[in-house]
There are 2 protein chains.
Amino acid sequence: MTKPPTRIQLRNRTAILDAGLDVFSKYGFRGSTLDQIAQAAGLSKPNLLYYFPSKEAIHTALLERLLENWLAPLQALDPKGDPVREIVDYARRKLTLSQNYPRESRLFANEILQGAPRIYDTLRTDLKTMVDGKAAIIKGWAQAGQIADIDPHHLIFSIWALTQHYADFDVQVRAVLGDKPPYDGAAVFLDTLYEKLLRP
Amino acid sequence: MTKPPTRIQLRNRTAILDAGLDVFSKYGFRGSTLDQIAQAAGLSKPNLLYYFPSKEAIHTALLERLLENWLAPLQALDPKGDPVREIVDYARRKLTLSQNYPRESRLFANEILQGAPRIYDTLRTDLKTMVDGKAAIIKGWAQAGQIADIDPHHLIFSIWALTQHYADFDVQVRAVLGDKPPYDGAAVFLDTLYEKLLRP
DNA sequence: CGTTGATTTGACCAGTTGGTCAAACCAAGA
DNA sequence: TCTTGGTTTGACCAACTGGTCAAATCAACG
């Protein structure tokens with residue numbers, strides 16, 4: 001019989017996760033310290049460890065929450081929908097995700113850069129299964145002549161790469177663009193790109 | 001009157017830089033330790049610091065060497081060449097770079113993810129200047145009707161994103177593809193993509 | 001108000017970190 | 001062979017790391 005979390009527990013747990021996301025997404029697991037996270041959360045270090053048993057536990061909690069939301073937009077790709085529209089919409093959803101949750105994107109990027117030590121298994125099983133499934137759908141569309149004949153796996157990679165780039169390389173993108181805000185132009189560009197690429 | 005480096009100096013300096021590249025590209029600056037680098041280089045920690053004054057110095061040396069090679073392939077984009085071919089060739093060069101120097105790509109990615117603390121200035125000045133210049137060339141091609149009318153900045157970003165993805169997210173790409181090697185398919189995909197995108 | 005359980009913290013610990021230094025070692029030319 | 005200057009290392013240090021713990025504080029309910 002587990003007790004329901006108190007108001008304070010709820011507030012502090014979310015504050016810690018938010019602070020952890022800030023720090024981990026910037027410096028990766030090894031490069032982040034509990035002191036940094038504690039300070040960002042406005043708590044003392046021992047107080048952090050009252051809510052989470054270890055640094056690892058905070059990181060794991062963040063990654064788990066991330067993976068759920070990360071796989072969702074691809075899941076929504078509908079085999080019964082209009083092919084080009086389905087793919088363009090997926091790219092749009094991913095771009096919106098980059099815009100609204102850049103820290104999550106960077107947390108994921110950090111994890112992958114370091115060799116995905118904590119989520120490699122999920123990638124190899126859950127992610128691969130889902131991607132293979134969606135790739136088969138896209139392949140079907142291509143064979144039916146509804147879209148151009150391109151490699152569906154690399155198509156999916158391209159959506160990941162193009163959209164996450166705006167979150168992960170945000171600093172560089174803004175440094176090059178100067179004052180111009182990135183996301184309006186990016187959305188137009190992506191729309192055009194996938195229209196042209198996919199139309200048979 | 002600086003003395004020329006001895007044979008031993010040359011060997012150890014390159015060994016250290018190579019080891020540093022290994023470690024920094026995986027864990028970022030803060031997440032990497034001198035002990036790790038020393039061990040990877042086959043040297044003792046004090047011996048490392050005989051050749052480089054600090055951890056920072058190793059990292060800086062790597063970043064400087066990187067930036068030279070990083071900006072080169074875009075520099076080679078020739079205003080007098082055939083537009084579509086010039087851009088496709090640039091994408092190819094970048095993809096080859098990802099394939100042959102994935103650690104360099106990841107070192108760069110780590111630096112950007114962390115907010116580019118050490119190279120932000122270079123990005124804002126040198127990189128921006130060069131990108132703006134090349135963007136103007138591409139814009140010119142578009143206005144002359146030689147290629148389709150797309151935003152040149154985002155076109156360049158797309159080449160960066162698509163090619164570096166294969167180096168930076170290597171683990172994920174391979175986890176999803178299984179046994180299939182990534183780069184053959186990637187090359188074909190990129191060729192098709194930019195052909196279709198750019199043809200007027 | 002008093003009590004009880006949740007919350008917070010200062011003091012502390014052992015291991016790791018980047019970095020120093022004097023002493024030892026070694027290669028090669030005289 | 002001896003000398004000299006480049007090279008290597010063990011011992012060491014102060015600061016920081018993740019984590020512990022007992023004691024203090026707080027919130028809320030009867």
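Since we're looking at a predicted model, the values are computed, not measured. So you know, we letter chains A, B, ... as the sequences are listed, proteins then strands, and number each from 1.
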How does each nucleotide of nucleotides 12-30 of chain C score, in 5' to 3' order, for protein heavy atoms under 4.0 Å: base (B), sugar-phosphate only (S), or none (-)? -----SBBBB------S--
Write down the distance between CG (A:Asn47) and C1' (D:dA23), rounded to a whole number of angstrom. 15 Å
Checking A:Glu104 against A:Asn69 for the side-chain contact (heavy atoms from CB on, under 4.5 Å) test, could you report, in this order, the C-alpha distance in whole Å, the side-chain angles of both residues, the deciding distance, and whether it holds? CA-CA 10 Å; A:Glu104 279 81 352; A:Asn69 304 324; over 6 Å; no
Could you tell me, to 10°, how much the axis swings from one end of the helix from C:dC1-D:dG30 to C:dA30-D:dT1 to the other, five pairs per end? 0°
Whole angstrom is fine here: how far is it from CG in B:Leu43 over to P in D:dG10? 13 Å
Separation of B:Tyr51 atom OH from D:dT8 atom C1', in whole Å? 8 Å
Short side-chain N/O contact from B:Gln9 to OP1 or OP2 of D:dT7, under 4.0 Å: yes
In whole angstroms, how far is the C1' atom of D:dG18 from the CD1 atom of A:Ile16? 15 Å
Who passes side-chain contact (heavy atoms from CB on, under 4.5 Å) against A:Asn47, sequence neighbours left out? A:Leu43, A:Ser44, A:Tyr50, A:Tyr51
Send over the distance from A:Tyr50 OH to C:dG5 P, rounded to a whole Å. 12 Å
Would you say B:Ser44 places a side-chain N or O within less than 4.0 Å of OP1 or OP2 belonging to D:dT9? yes
Evaluate the side-chain contact (heavy atoms from CB on, under 4.5 Å) criterion for residues A:Tyr194 and A:Leu155: first the C-alpha distance (whole Å), next the side-chain angles of each, then the deciding distance (0.1 Å), finally the verdict. CA-CA 9 Å; A:Tyr194 285 111; A:Leu155 172 66; 3.6 Å; yes
Passes side-chain contact (heavy atoms from CB on, under 4.5 Å), A:Asp168 versus A:Gln164? Steps please. CA-CA 6 Å; A:Asp168 303 342; A:Gln164 291 173 19; 3.7 Å; yes
Side-chain contact, heavy-atom cut-off 4.5 Å: A:Leu66 with A:Glu111? no
Shared hydrophobic cluster, B:Tyr183 / B:Val188 (ILVMFWY, side-chain heavy atoms < 4.5 Å): no
Between D:dT7 (P) and B:Leu48 (CG): distance, integer Å: 14 Å
Where do A:Tyr166 and A:Leu95 land on the side-chain contact (heavy atoms from CB on, under 4.5 Å) test, with the steps shown first? CA-CA 8 Å; A:Tyr166 288 95; A:Leu95 187 65; 4.0 Å; yes
Does the gap between the ring centers of A:Trp160 and B:Phe169 come in under 6.0 Å? no
Separation of B:Asp22 CG from B:Gln36 CD (nearest 0.5 Å): 10.0 Å
